[in-house]
Participant: 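Here it is: the structure, laid out below.
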Amino acid sequence: MRWTIAALVLGVSTAAMAADVGEVKVAKGAAYLERGTEKLPVRVGLPVQAADKVVTGADGTVGITFADNSLLSVGPDSVLAIDRYVFDSTTHAGQFDSTLSKGTLAVISGKMVKQSPDAMRVHTPSAIMGVRGTEFIVKVDR
């Protein structure tokens, strides 16, 4: 309650106070982040938050580094939703769930998966992948 009041007094929305879970490291071509009702143009250095959706155009690619050092590369004509991201930097425990609706995704998992091999899942329209390795690629044709 105190944070909400402080945010209103300072003129900061509660959504803006959401925790950053990663950062865009590579941005090429047409791409944006959907955050709530906003569409934010992707640029290097843009913070990524849990519940963001990455959307790329025909020439777009986006590379994101997350707090646990997981690396995600979203390819052209893709839609990737970050459904849940929780990470404890002390214990390396956490959970990372995402949904690839269409397009391609390449991943190198980070500290979270090393700590708990079932901590990362990628949902697609036809399957759910539990990540147990360190590198993988997913493609969804639609």
Side-chain angles (χ1 to χ4, degrees), residues 1-57 60-142:
M1 180 72 174
R2 187 177 300 176
W3 284 105
T4 303
I5 292 169
L8 292 174
V9 170
L10 295 172
V12 178
S13 72
T14 307
M17 292 178 58
D20 298 339
V21 298
E23 182 177 305
V24 173
K25 296 291 187 176
V26 176
K28 295 181 182 175
Y32 61 89
L33 279 185
E34 286 183 7
R35 181 171 296 153
T37 58
E38 293 182 275
K39 289 186 178 182
L40 306 171
V42 172
R43 59 173 170 67
V44 172
L46 180 69
V48 175
Q49 299 177 354
D52 281 352
K53 185 182 286 186
V54 181
V55 181
T56 60
T61 58
V62 177
I64 303 169
T65 300
F66 285 85
D68 73 321
N69 289 327
S70 289
L71 306 174
L72 271 66
S73 180
V74 183
D77 283 325
S78 298
V79 178
L80 175 74
I82 305 198
D83 301 319
R84 181 174 183 213
Y85 186 93
V86 179
F87 176 65
D88 183 319
S89 60
T90 303
T91 65
H92 297 173
Q95 186 67 45
F96 190 174
D97 292 318
S98 61
T99 300
L100 183 66
S101 302
K102 72 173 193 170
T104 56
L105 173 67
V107 177
I108 299 175
S109 62
K111 296 174 185 174
M112 185 185 310
V113 172
K114 288 177 179 58
Q115 169 67 23
S116 179
D118 60 348
M120 181 182 268
R121 288 186 295 245
V122 178
H123 302 254
T124 68
S126 59
I128 298 172
M129 292 178 44
V131 178
R132 297 195 182 274
T134 57
E135 298 178 26
F136 63 94
I137 297 174
V138 182
K139 182 177 181 181
V140 175
D141 291 322
R142 285 209 129 199

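In what follows, residues are counted from 1 in the order of the sequence shown. Bear in mind that the values here come from a model prediction, so they are computed numbers and not experimental data.
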Participant: Check the side chains of Asp83 and Thr99 for a donor-acceptor pair under 3.5 angstrom, ignoring hydrogens and angles.
Facilitator: yes
Participant: In sequence, state the C-alpha distance, the side-chain angles, and the governing distance for Thr124 and Val138, and then conclude on side-chain contact (heavy atoms from CB on, under 4.5 Å).
Facilitator: CA-CA 9 Å; Thr124 68; Val138 182; 3.8 Å; yes
Participant: Identify the heavy atoms of Gly103 and Ser78 that sit nearest to each other, and give their distance.
Facilitator: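 Heavy atoms of Gly103 and Ser78 come nearest at CA-OG, 3.2 Å.
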Participant: Write down the atom of Ala50, the atom of Val21, and the distance for their closest heavy-atom approach.
Facilitator: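 Result for this residue pair: N-CG2, 3.6 Å.
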Participant: Measure the shortest side-chain to side-chain distance between Asp141 and Lys102 over non-hydrogen atoms and say whether it is less than 4.5 angstrom.
Facilitator: no
Participant: Within a strict 4.5 Å, meaning less than it, do heavy atoms of the Leu105 and Ile137 side chains meet?
Facilitator: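 A side-chain contact is absent here, since even the closest heavy-atom pair is not under 4.5 Å.
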Participant: Could you give the distance from NZ (Lys25) to CG (Leu71), rounded to the nearest 0.5 Å?
Facilitator: 9.5 Å
Participant: State the NZ-OG1 distance between Lys111 and Thr91, to the nearest 0.5 angstrom.
Facilitator: 11.5 Å
Participant: Would you sort out whether Val55 and Glu34 count as a side-chain contact (heavy atoms from CB on, under 4.5 Å), showing the intermediate values?
Facilitator: CA-CA 8 Å; Val55 181; Glu34 286 183 7; 4.0 Å; yes
Participant: For the residue pair Leu33 and Pro47, what are the closest heavy atoms and their distance?
Facilitator: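 Between these two residues, the closest heavy atoms are CD1-O, 3.9 Å.
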Participant: Would you find a donor on one side and an acceptor on the other, under 3.5 Å apart, between the side chain of Ser70 and the backbone of Gly110?
Facilitator: yes
Participant: How close do Gly94 and Ala119 get, heavy atom to heavy atom, and via which atoms?
Facilitator: O-CB, 3.4 Å
Participant: Can you tell if the side chain of Ser73 reaches within under 4.5 Å of the side chain of Val62, non-hydrogen atoms only?
Facilitator: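 No, side chains not in contact.
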Participant: Looking at side-chain heavy atoms only, is the closest gap between Tyr32 and Leu40 below 4.5 Å?
Facilitator: no
Participant: Measuring from atom NZ of Lys114 to atom CG of Asn69, what distance do you get when rounded to the nearest 0.5 angstrom?
Facilitator: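 Between Lys114 NZ and Asn69 CG, I get 8.5 Å after rounding to 0.5 Å.
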Participant: If every non-hydrogen atom of Thr56 is compared with every non-hydrogen atom of Gly75, which pair is closest and at what distance?
Facilitator: OG1-O, 2.6 Å
Participant: Under 3.5 Å, side chain of Asp20 to main-chain N/O of Gly22, donor-acceptor pair present?
Facilitator: no
Participant: To the nearest 0.5 Å, what is the distance between OG on Ser101 and NE2 on His123?
Facilitator: 11.5 Å
Participant: Of all residues at least two apart in sequence or in a different chain, which pass the side chain to side chain donor-acceptor pair (under 3.5 Å) check with Asp52?
Facilitator: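 Counting only residues at least two positions away or on another chain, Asp52 forms a side chain to side chain donor-acceptor pair (under 3.5 Å) with Arg35.
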Participant: Considering residues at least two apart in sequence or located in another chain, which fulfil the side chain to side chain contact (heavy atoms under 4.5 Å, CB included) criterion with Gln95?
Facilitator: Arg84, Asp97, Arg121
Participant: Indicate yes or no: at least one non-hydrogen side-chain atom of Leu80 is less than 4.5 angstrom from one of Leu72.
Facilitator: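 Leu80 vs Leu72: side chains touch.
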Participant: Return the orientation label for the Phe96 and Tyr85 ring planes: parallel under 30°, perpendicular over 60°, tilted otherwise.
Facilitator: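 Because their plane-to-plane angle is over 60°, the rings of Phe96 and Tyr85 count as perpendicular.
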Participant: Specify the closest pair of heavy atoms between Thr104 and Lys139, including all atoms of both residues, with the distance to one decimal.
Facilitator: CG2-CG, 3.7 Å
Participant: Distance from Phe66 atom CZ to Ser98 atom OG, nearest 0.5 Å?
Facilitator: 8.0 Å
Participant: Is there a side-chain contact between Ile64 and Glu23 in this structure, where contact means two heavy atoms from C-beta onward sitting under 4.5 Å apart?
Facilitator: no
Participant: Between atom CD of Gln115 and atom NE2 of His92, what is the distance when rounded to the nearest 0.5 Å?
Facilitator: 8.0 Å
